[in-house]
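One structure is given here, and the rest of the page talks about it.
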Amino acid sequence: LPGAVLPASAQDEDRYTLERTDDGYVRMDRRTGTMSLCNERDGQLVCRLAADDRDALESEIDRLSGALSALTERVDALEGKAAEHNGGAAGLPSESEFEQGLSYMERFFRRFMGIVQEFDRSRRDETPGPDPQKT
C-alpha cells in the first residue's frame with residue numbers, strides 16, 4: 001500500500017496518537033483502531049499500515065470484491081433472462097406472448113358477444129307481441 005503523509009489539520013491531530021519506537025513511530029487511529037508504522041522522510045512522516053491491519057483490510061477487500069462479482073453476475077443473468085423473455089425489448093412481451101394475449105382477448109369477446117346475443121333473444125321471447133284479441 002502506498003505511503004501516506006500524516007494529516008496536519010487540528011481535527012485529525014486528536015484522531016491519531018504517535019508513539020516513538022526504535023525504528024520510527026507507531027500511529028494509532030483512535031476512530032478505527034488501525035495501526036500504522038511511520039518513518040520520517042524528507043522532513044515528513046510517511047506511514048504504512050501495520051501488517052495485521054493490512055491483511056485484515058485486504059481480506060475485506062477480497063470479500064467485497066467477491067460479493068460484487070457475484071452480484072454483477074446475478075444482475076447480468078437476470079438482465080439476460082429479461083431480454084430473452086421480452087424478445088430483446090425491455091418491458092415488451094415477446095411475439096408469442098403477444099399472440100397468446102390476443103387469443104385470450106378474442107375468446108373473451110366472442111363469449112361476451114354470445115352472452116349479449118343470448119340475452120337479447122331471451123328478452124325478445126319474453127316481450128309479449130300484440131294481443132290478437134285486441135286487433
Notebook entry, point to check: Taking NZ, NE, NH1 and NH2 as the nitrogens, is one of them in Glu60 or Arg63 under 4.0 Å from a carboxylate oxygen of the other?
Noted result: yes
| message | Within the 4.5 Å heavy-atom criterion, are Met28 and Thr34 side-chain neighbours or not? | response | no
In this structure, OG of Ser94 is separated from CD of Glu97 (nearest 0.5 Å) by 3.5 Å
Q) Does the pair Arg15 and Thr32 meet the rule for a side chain to side chain contact (heavy atoms under 4.5 Å, CB included), with working shown? A) CA-CA 9 Å; Arg15 178 177 172 178; Thr32 63; 4.0 Å; yes
Rounding to 0.5 Å, atoms OH (Tyr16) and SG (Cys38) come to a distance of 10.0 Å
To the nearest 0.5 Å, atom CD of Gln117 lies from atom CG of Asp120 at 8.0 Å
Any donor-acceptor pair under 3.5 Å from Ser65 side chain to Ile61 backbone = yes
Sequence neighbours excluded, the answer for side chain to side chain contact (heavy atoms under 4.5 Å, CB included) partners of Asp76 is Thr72, Glu79
Note to self: Just so I know, are the side chains of Met35 and Leu49 near enough to count as touching, which here means a heavy-atom distance under 4.5 Å?
What the structure shows: no
Hits for side chain to side chain contact (heavy atoms under 4.5 Å, CB included) against Phe112, two or more places apart or cross-chain, chain-then-number order -> Val116
Output for pair (Leu71 CG, Leu78 CG), nearest 0.5 Å, gives 10.5 Å
- Derivation and outcome, side chain to side chain contact (heavy atoms under 4.5 Å, CB included), residues Gln44 and Glu40: CA-CA 5 Å; Gln44 292 186 350; Glu40 193 172 339; over 6 Å; no
task: Would you check if the side chain of Arg27 reaches a backbone N or O of Cys47 as a donor-acceptor pair within less than 3.5 Å?
output: no
Rounded to the nearest 0.5 Å, the OG1 atom of Thr17 sits from the CG atom of Asp29 at a distance of 9.0 Å
Between the CD atom in Glu118 and the CE atom in Met113, the distance rounded to the nearest 0.5 Å is 13.0 Å
Applying side chain to side chain contact (heavy atoms under 4.5 Å, CB included) to Ser69 and not counting sequence neighbours gives none
Path from Tyr25 to Leu37 over hydrophobic side-chain contacts below 4.5 Å
no
Closest non-hydrogen atoms of Gly24 and Asn39, given as atom of the first, atom of the second and distance, are CA-OD1, 4.0 Å
